[in-house]
Q: 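Take this structure, written in structure tokens, and hold onto it; I'll ask about it next.
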Amino acid sequence: MFAWENSGESWIGVVSGRWVKLILRSGNAVITAQTATPQTEWSWLTNFLQCGLNLGEVLATFPTDPDMRAAIDSCRGLRLLRQDPWECLAAFILSSSKQIVQIRQIVAALNTRFGSPVIVPAGERPVFAFPSAQRLADATEAELRECKMGFRAPYLLATARQIATGEFDLARLRQMSATDARAELLKLPGVGEKIADCVLLFAYGFPTAFPIDVWVAKAIRKYYFRGRRVRPVRLRNYVTKRFGPNAGYAQQYLFHYIRTKDVKTLSP
DNA sequence: TCAGACCCTCACAG
DNA sequence: ACTGTGAGGGTCT
């Protein structure tokens, strides 16, 4: 996710319209949550964090080659969040051909300009929830471009309008198969295979969805094709066969590993 | 199947 | 410090 702010051992973000600070304690063994208002139930947060997931069972389904093993060992505890579909979709439409720092800036600009303020505890910085599809649908392309999103503005606007009018129903995707939901997402302007797979995996929790971006492609080529060049179709066929029922999880481990941990890649 | 275009920003040379 | 340059969690035509 792109809108969370980190300071020391804590992260501040918005989940289901609520300000929340997540704090690491006891040597990362425990996460505690602080909210701005008293909560009578926490399912909105435990669902977001996927607390009920047995990570060990997921990891057990991964292939056992040395590189996958190294990725698992160096990313202990890494798990997927369950994001809001609209926010996830919009953020990834904005992600195309952008560096992560820039995506964060765009999302922050959108939140500040179009988002609704969220109640925060005294002394905390003001925070805004990600703007609804309706709110963005009412904006102009020029206004969106002022949030530094460039050529992505017409895509985001057109998609926001389809969702705001009900022409496209994000909720309906929940009852569909991964294949059908993917085909639906691909109809949206600015949504190709990579972004569709991101939304399937990060928002709807389809565990086989496998986003292939430049980094994952690089990882697959390096670890499974000896660095050779591989055509996109072949890459796609390979990963769907190799990584099993939780391929999306495996993707996250490989992604995080090659971006932050794989010394052989990072150092020249 | 494949370039090129698309906006803009930031890291990194020089 | 300062400017020039290139490429970046892709998609569309």
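Quick note: numbers below take in every heavy atom, side chains included, and nothing from hydrogens, waters or symmetry partners. Letters go in sequence order (proteins before strands), and every chain restarts at 1.
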Q: Should the pair Phe62(A) and Tyr253(A) be assigned to parallel (<30°), tilted (30 to 60°) or perpendicular (>60°) ring geometry?
A: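 If you compare the ring of Phe62(A) with that of Tyr253(A), the planes turn out perpendicular.
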Q: Apply salt bridge (charged side-chain N to carboxylate O under 4.0 Å, His left out) to residues Arg161(A) and Glu167(A) and explain how you reach the verdict.
A: CA-CA 8 Å; Arg161(A) 288 184 173 159; Glu167(A) 177 185 344; over 6 Å; no
Q: Look at all strands and tell whether Val216(A) reaches a base, only sugar-phosphate, or nothing, counting heavy atoms closer than 4.0 Å.
A: nothing
Q: Could you check how far CG of Leu94(A) sits from C1' of dT9(B), rounded to whole Å?
A: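 Leu94(A) atom CG is separated from dT9(B) atom C1' by 15 Å.
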Q: How many Å lie between CZ on Arg104(A) and P on dC10(B), as a whole number?
A: 13 Å
Q: When you group the ILVMFWY residues by side-chain heavy-atom contacts below 4.5 Å and let the links chain together, are Leu136(A) and Met149(A) in the same group?
A: yes
Q: In terms of the angle between their ring planes, are Phe206(A) and Tyr204(A) parallel, tilted or perpendicular, with boundaries placed at 30° and 60°?
A: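 Phe206(A) vs Tyr204(A) ring planes: tilted.
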Q: Both Ile103(A) and Gly190(A) contact DNA chain C. Which one's nearest nucleotide lies toward the 5' end?
A: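 Going by which nucleotide is closer to the 5' end, it is Ile103(A).
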Q: Is any side-chain heavy atom of Phe114(A) closer than 4.5 Å to one of Glu143(A)?
A: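 In short, these two side chains touch, coming nearer than 4.5 Å.
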Q: Could you tell me how far dA5(B) sits from dA7(C) if I compare only their C1' atoms? Round to whole Å.
A: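 The answer is 15 Å between these two C1' atoms.
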Q: Taking atom P of dC8(B) as reference, at what distance in whole Å does atom CG of Leu156(A) sit?
A: 15 Å
Q: Charged N to carboxylate O under 4.0 angstrom, Arg236(A) versus Asp197(A)?
A: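 Asp197(A) and Arg236(A): salt-bridged.
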Q: Rounded to the nearest Å, what distance is computed from the CZ atom of residue Arg182(A) to the C1' atom of nucleotide dT11(C)?
A: 14 Å
Q: Taking atom P in both dT9(B) and dA1(C), what distance in whole Å separates the two?
A: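 Taking atom P in both dT9(B) and dA1(C), they lie 23 Å apart.
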Q: For Phe92(A) and dG9(C), say yes or no: do the ring centres fall under 5.5 Å of each other while the ring planes differ by less than 30°?
A: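 Phe92(A) vs dG9(C): stacking no.
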Q: If you check every side-chain atom of Arg231(A), which of dC2(B), dC8(B), dG9(C) has the closest atom?
A: dC2(B)
Q: Ignoring hydrogens and angles, does a donor from either the side chain of Lys98(A) or the base of dC8(B) sit under 3.5 Å from an acceptor on the other?
A: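 By the distance-only test, yes, there is a pair.
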Q: Taking atom P in both dC2(B) and dG9(C), what distance in whole Å separates the two?
A: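 Approximately 23 Å lies between the P atom of dC2(B) and that of dG9(C).
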Q: At 4.0 Å (heavy atoms only), tell me whether Ile195(A) reaches a base, stays on the sugar-phosphate, or touches nothing.
A: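 Sugar-phosphate, no base atom in range.
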Q: Determine the Euclidean distance between corresponding P atoms of dG6(C) and dG4(B); express it in Å to zero decimal places.
A: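 Their P atoms lie roughly 15 Å apart.
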Q: In dot-bracket form, how is DNA chain C paired, counting a Watson-Crick or G-U wobble pair only if both its distances are under 3.5 Å and using | for bases paired to another strand?
A: .|||||||.||||
Q: What contact category does Leu188(A) fall into here, base, sugar-phosphate, or nothing, at under 4.0 angstrom with non-hydrogen atoms?
A: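 Contact class for Leu188(A): sugar-phosphate only.
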Q: Could you tell me whether Glu9(A) and Arg25(A) have a side-chain N and a carboxylate O separated by less than 4.0 Å?
A: no
Q: Glu5(A) vs Arg125(A), test: salt bridge (charged side-chain N to carboxylate O under 4.0 Å, His left out). Steps then yes/no.
A: CA-CA 11 Å; Glu5(A) 292 293 341; Arg125(A) 282 183 35 185; 5.2 Å; no
Q: Take the protein atom CD1 of Ile106(A) and the nucleotide atom C1' of dT9(B), then report the distance between them rounded to whole Å.
A: 9 Å
Q: So, does the side chain of Arg145(A) form a donor-acceptor pair with the base of dC7(B) at under 3.5 Å?
A: no
Q: I need the CD-P distance between Gln102(A) and dC6(B), as an integer number of Å.
A: 18 Å
Q: Counting only side-chain N and O atoms of Gln251(A), is one of them less than 4.0 Å from OP1 or OP2 of dG9(C)?
A: no
Q: Students often get this wrong, so: under 4.0 angstrom with heavy atoms, is Val191(A) touching a base, only sugar-phosphate, or nothing?
A: sugar-phosphate
Q: Does the ring of Phe151(A) meet both stacking tests against the six-membered base ring of dC7(B): centre distance under 5.5 Å and plane angle under 30°?
A: no
Q: Strictly below 4.0 Å: does Arg152(A) bring a side-chain N or O up to OP1 or OP2 of dC8(B)?
A: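 So the side chain of Arg152(A) is outside the cut-off, no N or O lying under 4.0 Å from OP1 or OP2 of dC8(B).
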Q: Over how many whole Å does the gap from Trp215(A) atom CH2 to dG10(C) atom C1' extend?
A: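 Rounding to the nearest Å, CH2 of Trp215(A) and C1' of dG10(C) are 16 Å apart.
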Q: Which residue, Tyr224(A), Tyr223(A), Tyr249(A), forms the ring pair (Phe, Tyr, Trp, His ring centres under 6.0 Å) with Phe243(A)?
A: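 Of the listed options, the one satisfying the test is Tyr224(A).
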Q: With rounding to whole Å, what would you report as the distance between dT5(C) and dC7(B) at their P atoms?
A: 22 Å
Q: Within this structure, what is the NZ-to-C1' distance between Lys148(A) and dC10(B), rounded to whole angstrom?
A: 12 Å
Q: Within the structure shown, what part of the strands sits under 4.0 Å from Phe202(A) by heavy-atom distance: base, sugar-phosphate, or nothing?
A: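 No contact at all - Phe202(A) keeps every heavy atom at 4.0 Å or more from the nucleic acid.
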